[in-house]
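Along the sequence shown, the residues carry numbers beginning at 1. Everything quoted here is computed from the prediction, not taken from an experiment.
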Amino acid sequence: MDKDNSENVGEDECVVPSHPVPPSELTRYSVERDPHSEQDIAHYVEIEARDEKVQHVEKVKHEVVLGELYEIWDVTTDKDRWWVITNLTNLYSQKHFASLDYTLSFHIGLMMRVRSRPDGANSEEPTPFDEVFRRQEQAKNRFDRAVESEDYQAVGMQLRECLISLIAAIRRRIELKPDAERPQDANFVEWSALIMDELCGGGSNKELRQYLKTTAKDTWQLVNWLTHDRNADQTASAIAIEACDTVVGHFVQILERARTDRTDECPLCKSRNIRTHFDPSIQPDGDYYVTCGVCDWNNHPGAA
């Protein structure tokens, strides 16, 4: 404001600054903040836009579309301004995507196409279960070409090898008690029981543990029956494939739960709105931690 105009302003009048507030200062004036989620978004942008430094992160809104929650963030860097939309997370330059509504619609459509890609053995990201997924795909490909009963028996053989590979993959990623009796490598039923006792122990998990053991045992018996059934047919093979997919999914889920040691309930407010974050500054090479979406609790090693 120049000198002449300033002389005409009364003491009680509000003066709007003629210059924008620097992005690095905007955080000071945000009423509602989520520092942990803001940090996640900032890390994501700086990874994707490697030569840019994040100056301000602000959550604009969230929308639920067909049961899926999408969070929309406005991120300002030293060189650009971005929309960041979650589930799956992606960023869009506001130079090219000026309309937020259009950007959200574009993002939802793009993520639907990404999710529709073949997964498992064809996934671009390596996993500890690549061999398991490959054998699943081999069984399904054999099923698609099957005509004779021998072909459907071969599907059962592929599924059997898939389950054995599943046990081997999980054994490499868990540490059993020193005094635990280890079955033979091909003894799927005994290994399943041993693994579930380790990953899903405790009285509170009794029903879940029993279900997982029973499902694994029944599926193993089913694929072995299919392998030796001289009248094996399409229906039985299809059911065996679905059963095997279920067991693989269950085992991967239980292993992931045990690996991350996810907190299911906030110890302060008892809310189950628990979010997972990653901080690369946690020694030695970064690690995950969890926060409560209702109160300020978190288990970050640097938390006071």
Side-chain angles (χ1 to χ4, degrees), residues 66-68 88 111-174 183-200 205 207-259:
L66 297 177
E68 297 287 345
L88 306 165
M111 293 306 111
M112 290 178 66
R113 293 189 64 186
V114 170
R115 288 190 177 101
S116 69
R117 288 178 176 178
D119 53 9
N122 295 326
S123 175
E124 296 178 358
E125 183 177 349
T127 78
F129 300 97
D130 282 347
E131 181 182 356
V132 180
F133 298 148
R134 176 176 60 82
R135 292 186 182 278
Q136 280 183 294
E137 287 300 314
Q138 289 175 340
K140 292 171 183 178
N141 291 337
R142 192 66 179 261
F143 173 81
D144 291 338
R145 301 191 305 268
V147 176
E148 307 293 345
S149 60
E150 293 86 352
D151 298 328
Y152 293 114
Q153 285 180 291
V155 172
M157 293 178 63
Q158 292 282 3
L159 295 176
R160 183 180 182 278
E161 294 303 314
C162 172
L163 293 177
I164 293 176
S165 298
L166 175 65
I167 292 297
I170 293 181
R171 284 200 335 244
R172 291 191 295 268
R173 297 183 65 81
I174 65 172
Q184 294 180 339
D185 290 348
N187 193 333
F188 176 83
V189 174
E190 292 298 324
W191 268 112
S192 297
L194 186 61
I195 288 172
M196 287 305 124
D197 287 340
E198 181 68 28
L199 297 180
C200 197
N205 289 318
E207 297 298 329
L208 176 60
R209 183 171 61 251
Q210 187 60 44
Y211 165 77
L212 293 170
K213 289 182 179 181
T214 301
T215 303
K217 180 179 180 180
D218 290 347
T219 300
W220 177 256
Q221 292 175 343
L222 175 63
V223 298
N224 275 280
W225 165 79
L226 180 65
T227 300
H228 298 96
D229 182 19
R230 294 189 175 184
N231 296 314
D233 56 23
Q234 183 178 22
T235 300
S237 297
I239 292 174
I241 289 174
E242 293 174 1
C244 189
D245 287 348
T246 298
V247 170
V248 171
H250 287 340
F251 276 53
V252 172
Q253 282 183 297
I254 290 297
L255 178 65
E256 182 69 11
R257 184 180 76 163
R259 186 184 69 83

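- Other residues, nucleotides and ligands contribute over 12 non-hydrogen atoms within 6.0 Å of the NZ atom of Lys213.
- Between Glu131 and Arg134 there is a side-chain heavy-atom pair separated by less than 4.5 Å.
- Annotation for Lys140 and Ile241: closest pair CE-CG2, 3.8 Å, computed over non-hydrogen atoms.
- The OG atom of Ser237 sits 9.0 Å away from atom CG of Asp229, with the distance rounded to the nearest 0.5 Å.
- Between the SG atom in Cys200 and the CD atom in Gln210 there is a gap of 11.0 Å [rounded to 0.5 Å].
- Relative orientation of the Phe188 and Phe251 rings is parallel, given thresholds of 30° and 60° on the angle between their planes.
- When all heavy atoms of Arg142 and Asp151 are compared, the pair lying nearest together is CG-O, 4.2 Å.
- Across all their heavy atoms, His228 and Gln153 have their closest contact at C-NE2, 3.5 Å.
- The shortest side-chain heavy-atom distance between Ile167 and Arg171 falls under the 4.5 Å cut-off.
- Atom CG of Leu226 sits about 7.0 Å away from atom CG of Leu159, to the nearest 0.5 Å.
- The two residues Asp197 and Arg209 come nearest to each other via the heavy atoms OD1-CD, 3.4 Å.
- Distance check, rounded to the nearest 0.5 Å: CZ of Arg135 to CD of Glu161 gives 5.5 Å.
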Steps toward side chain to side chain contact (heavy atoms under 4.5 Å, CB included) verdict (Val247, Leu166): CA-CA 9 Å; Val247 170; Leu166 175 65; 4.1 Å; yes

Begin with the C-alpha distance, continue with both residues' side-chain angles, and end with the deciding distance and a verdict on side chain to side chain contact (heavy atoms under 4.5 Å, CB included) for Asn205 and Met196. CA-CA 10 Å; Asn205 289 318; Met196 287 305 124; over 6 Å; no

Would Asp245 and Gln136 count as a side chain to side chain contact (heavy atoms under 4.5 Å, CB included) here? Give the steps. CA-CA 8 Å; Asp245 287 348; Gln136 280 183 294; 2.6 Å; yes

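- Rounding to the nearest 0.5 Å gives a distance of 11.0 Å between CZ of Arg160 and OG of Ser165.
- No more than 12 heavy atoms of other residues, nucleotides or ligands sit less than 6.0 Å from atom CD of Gln234.
- Counting heavy atoms from C-beta on, the side chains of Leu222 and Asp218 never come closer than 4.5 Å.
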Test side chain to side chain contact (heavy atoms under 4.5 Å, CB included) on Ile164 and Trp191 and set out the steps. CA-CA 10 Å; Ile164 293 176; Trp191 268 112; over 6 Å; no

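- Judged purely by atom type and a 3.5 angstrom limit, Thr219 has no side-chain atom pairing as donor or acceptor with the backbone of Cys244.
- Minimum heavy-atom separation, Val223 to Ala240: CG1-CB, 4.3 Å.
- Thr215 and His250 get closest at one heavy-atom pair: CG2-CD2, 4.4 Å.
- Between the CG atom in Leu199 and the CD1 atom in Ile174 there is a gap of 5.0 Å [rounded to 0.5 Å].
- Side-chain atoms of Ile195 and Leu255, non-hydrogen and from C-beta on, never get closer than 4.5 Å to each other.
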